[in-house]
Every structure is written in C-alpha cells, then in structure tokens.
Amino acid sequence: MARVVVNVALKPEILDPQGRAVQGALGRLGLSGVINVRQGKQFIIDLDGELEGDRADLLEKLAGELLSNPVIEDFALTVEN
C-alpha cells in the first residue's frame with residue numbers, strides 16, 4: 001500500500017483573504033508576532049500496491065490538473081510507503 005499526500009496552496013503572488021482573516025484573528029486572540037498566514041488544502045490518497053512508473057506519472061498529472069488549479073495554486077506531492 002502507498003499513501004500519497006498532496007498539499008495544495010495558493011501561489012505566493014495570489015491574494016489570500018482567508019489567510020489574512022486568520023492572521024488578524026490570531027493577533028486579536030493574543031498570538032503576537034504573526035507575520036503571515038496562508039491557507040491551503042491537503043489530500044491523502046491511499047492506494048493498493050506501489051506507486052511507480054506510469055501510475056506515478058498519472059497521479060502527478062491528476063494532482064496538477066484535478067486537485068489543484070494550476071493558474072492560482074502550487075502543489076507538492078509526497079509518497080509514504
């Protein structure tokens with residue numbers, strides 16, 4: 001079994017109103033020194049069998065086209081065996 005974790009976040013140049021709102025709330029709730037907050041999403045995909053070859057290539061493609069919006073988001077894919 002392979003576990004694939006795909007982390008998706010807005011590109012640095014894209015405004016993040018949710019992150020800004022959380023940043024403000026953290027300060028109001030007493031956490032000082034917060035410089036920036038960015039929000040994102042995470043997908044955890046458990047697969048039967050190993051992730052290699054064409055299957056790995058397909059998952060990389062799907063992470064870039066289905067799980068993230070390549071215009072405004074970056075993604076990072078890690079595999080835990």
Side-chain angles (χ1 to χ4, degrees):
M1 183 173 100
R3 171 167 281 177
V4 179
V5 179
V6 181
N7 289 302
V8 180
L10 291 170
K11 292 183 177 187
E13 63 272 15
I14 302 297
L15 295 177
D16 185 353
Q18 184 177 359
R20 290 286 178 177
V22 170
Q23 180 181 354
L26 291 172
R28 287 190 301 278
L29 294 172
L31 183 61
S32 61
V34 178
I35 297 169
N36 192 26
V37 175
R38 304 288 289 178
Q39 64 89 26
K41 56 191 170 186
Q42 182 180 72
F43 298 91
I44 300 171
I45 304 166
D46 292 325
L47 297 170
D48 186 27
E50 297 299 316
L51 181 65
E52 52 193 32
D54 290 342
R55 194 175 191 200
D57 294 341
L58 177 58
L59 188 54
E60 181 86 18
K61 179 181 178 194
L62 292 173
E65 296 176 359
L66 174 67
L67 303 180
S68 66
N69 178 342
V71 174
I72 62 169
E73 295 175 318
D74 290 326
F75 73 93
L77 186 147
T78 58
V79 179
E80 304 169 0
N81 289 325

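Predicted, not measured: the structure shown is a model, and the values here were computed from it.
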Here the side-chain hydrogen bond (donor to acceptor under 3.5 Å, both in side chains) pairs for residues 54-73, sequence neighbours left out, are none

Enumerate the side-chain hydrogen bond (donor to acceptor under 3.5 Å, both in side chains) contacts for residues 3-26, please, sequence neighbours excluded, ordered by first and then second residue. Arg3-Asp46, Asn7-Gln42

Below 4.5 Å, heavy atoms only, C-beta onward: do Ser32 and Leu26 meet side chain to side chain? no

Under the side-chain contact (heavy atoms from CB on, under 4.5 Å) test, which residues partner Ile35, sequence neighbours left out? none

Can you list every salt bridge (charged side-chain N to carboxylate O under 4.0 Å, His left out) pair that touches residues 26-36, not counting sequence neighbours? none

Any chance you could pull the hydrophobic cluster mates of Leu47, using side-chain heavy atoms under 4.5 angstrom and chaining through other members? Val4, Val6, Val8, Phe43, Ile45, Leu51, Leu59, Leu66, Leu67, Phe75, Leu77, Val79

Please check if atom CG in Leu15 has more than 12 non-hydrogen atoms from other residues, nucleotides or ligands closer than 6.0 Å. no

For Ile72, the other hydrophobic cluster members (4.5 Å side-chain criterion, sorted by chain and number) are Leu10, Ile14, Val71

